[in-house]
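Heavy-atom basis, side chains included; hydrogens, waters and symmetry copies ignored.
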Amino acid sequence: MNKDATSMTIGALARAAGVNVETIRFYQRKGLLRVPHQPYGGIRRYGAAHQARLAFIKSAQWLGFSLNEVAELLRLEDGTHCDEASELAEAKLQEVRQKLADLTRLEAALADLVGACHQHSGDMACPLVASLQQGMLPGASRAQGARERE
């Protein structure tokens, strides 16, 4: 069924965008999505522009942008502020790279602990449990612990 530019109810828009109706309402309360005019005694109608805005929001979220960052990107959506958008993306890229580095350290620590568990024998305490009880994890740095407490 083909919908014209302003023929969708909020439910139809939600289905078309692959989100929940409450998600649309939440975005409206946050100012990310405009609330269409409601004719007297009628139902609000949503169109292609609403659907495109939802696609923009979901794409930005998929890239890891928070809703506050999405709001900033939407402010820049006319395309004339590429430097500002680039700065936001560069900051997000740096954040992703830091998370990847943290995950790599986490992977190494878990691999060491799993390896120690597999080599464990006798009446010794489980190396994993012992490390957790002592707060001493292989590969964990004090700087990482300080960053987690912030």
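- Here the CD1 atom belonging to Ile10 is positioned 11.0 Å from the CZ atom belonging to Arg15, to the nearest 0.5 angstrom.
- Nearest heavy atoms, Leu54 versus Ala17: CD1-CB, 3.6 Å.
- Note: the hydrophobic cluster containing Leu113 also contains Leu132 (ILVMFWY, side chain heavy atoms under 4.5 Å, direct or indirect links).
- The side-chain heavy atoms of Tyr27 and Leu67, taken from C-beta on, include a pair separated by under 4.5 Å.
- For Glu22, the side-chain hydrogen bond (donor to acceptor under 3.5 Å, both in side chains) partners two or more places apart in sequence, or in a different chain, are Arg25.
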Without placing hydrogens or testing angles, list every side-chain donor-acceptor pair under 3.5 Å for residues 69-77, not counting sequence neighbours.
| residue | atom | partner | partner atom | Å |
| --- | --- | --- | --- | --- |
| Glu69 | OE1 | Ser66 | N | 2.7 |
| Glu69 | OE1 | Ser66 | OG | 3.3 |
| Glu69 | OE1 | Lys92 | NZ | 3.1 |
| Glu72 | OE1 | Arg75 | NE | 3.4 |
| Glu72 | OE2 | Arg75 | NE | 3.1 |
| Glu72 | OE2 | Arg75 | NH2 | 2.6 |
| Arg75 | NH2 | Glu84 | OE1 | 2.9 |
| Glu77 | OE2 | Arg53 | NH2 | 2.7 |

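- Remark: Glu90 engages Ser86 in a side-chain hydrogen bond (donor to acceptor under 3.5 Å, both in side chains) (not counting sequence neighbours).
- Criterion: ILVMFWY side-chain heavy atoms under 4.5 Å apart, direct or through other members. Under it, Leu32 and Val21 are part of a common hydrophobic cluster.
- The hydrophobic clustering, which links ILVMFWY residues whose side-chain heavy atoms are closer than 4.5 Å, places Leu103 and Val114 apart.
- Rounded to the nearest 0.5 Å, atoms CG (Leu93) and CD (Gln98) are 12.0 Å apart.
- A distance-only check finds no donor-acceptor pair linking the side chain of His118 to the backbone of Gly115 [under 3.5 Å].
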Before giving the answer on side-chain contact (heavy atoms from CB on, under 4.5 Å), spell out for Gln51 and Met8 the whole-Å C-alpha distance, their side-chain angles and the decisive distance to 0.1 Å.
-> CA-CA 10 Å; Gln51 193 171 352; Met8 288 185 278; 3.5 Å; yes

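- In plain terms, the two heavy atoms of Phe65 and Leu88 that are nearest each other are CE2-O, 3.9 Å.
- Here the OG1 atom belonging to Thr23 is positioned 10.5 Å from the CD1 atom belonging to Ile57, to the nearest 0.5 angstrom.
- Both Leu63 and Phe56 are part of a single hydrophobic cluster, where members link through side-chain heavy atoms under 4.5 Å apart.
- At a threshold of 4.5 Å between non-hydrogen side-chain atoms, the residues Arg44 and Val35 count as touching.
- Counting heavy-atom neighbours within 6.0 Å of Leu100 CG, excluding the residue itself, gives a total above 12.
- For the pair Arg45 and Thr9, the minimum side-chain heavy-atom distance is below 4.5 Å.
- Both Val19 and Trp62 sit in one connected hydrophobic cluster of ILVMFWY residues. Membership requires side-chain heavy atoms under 4.5 Å apart, directly or through other members.
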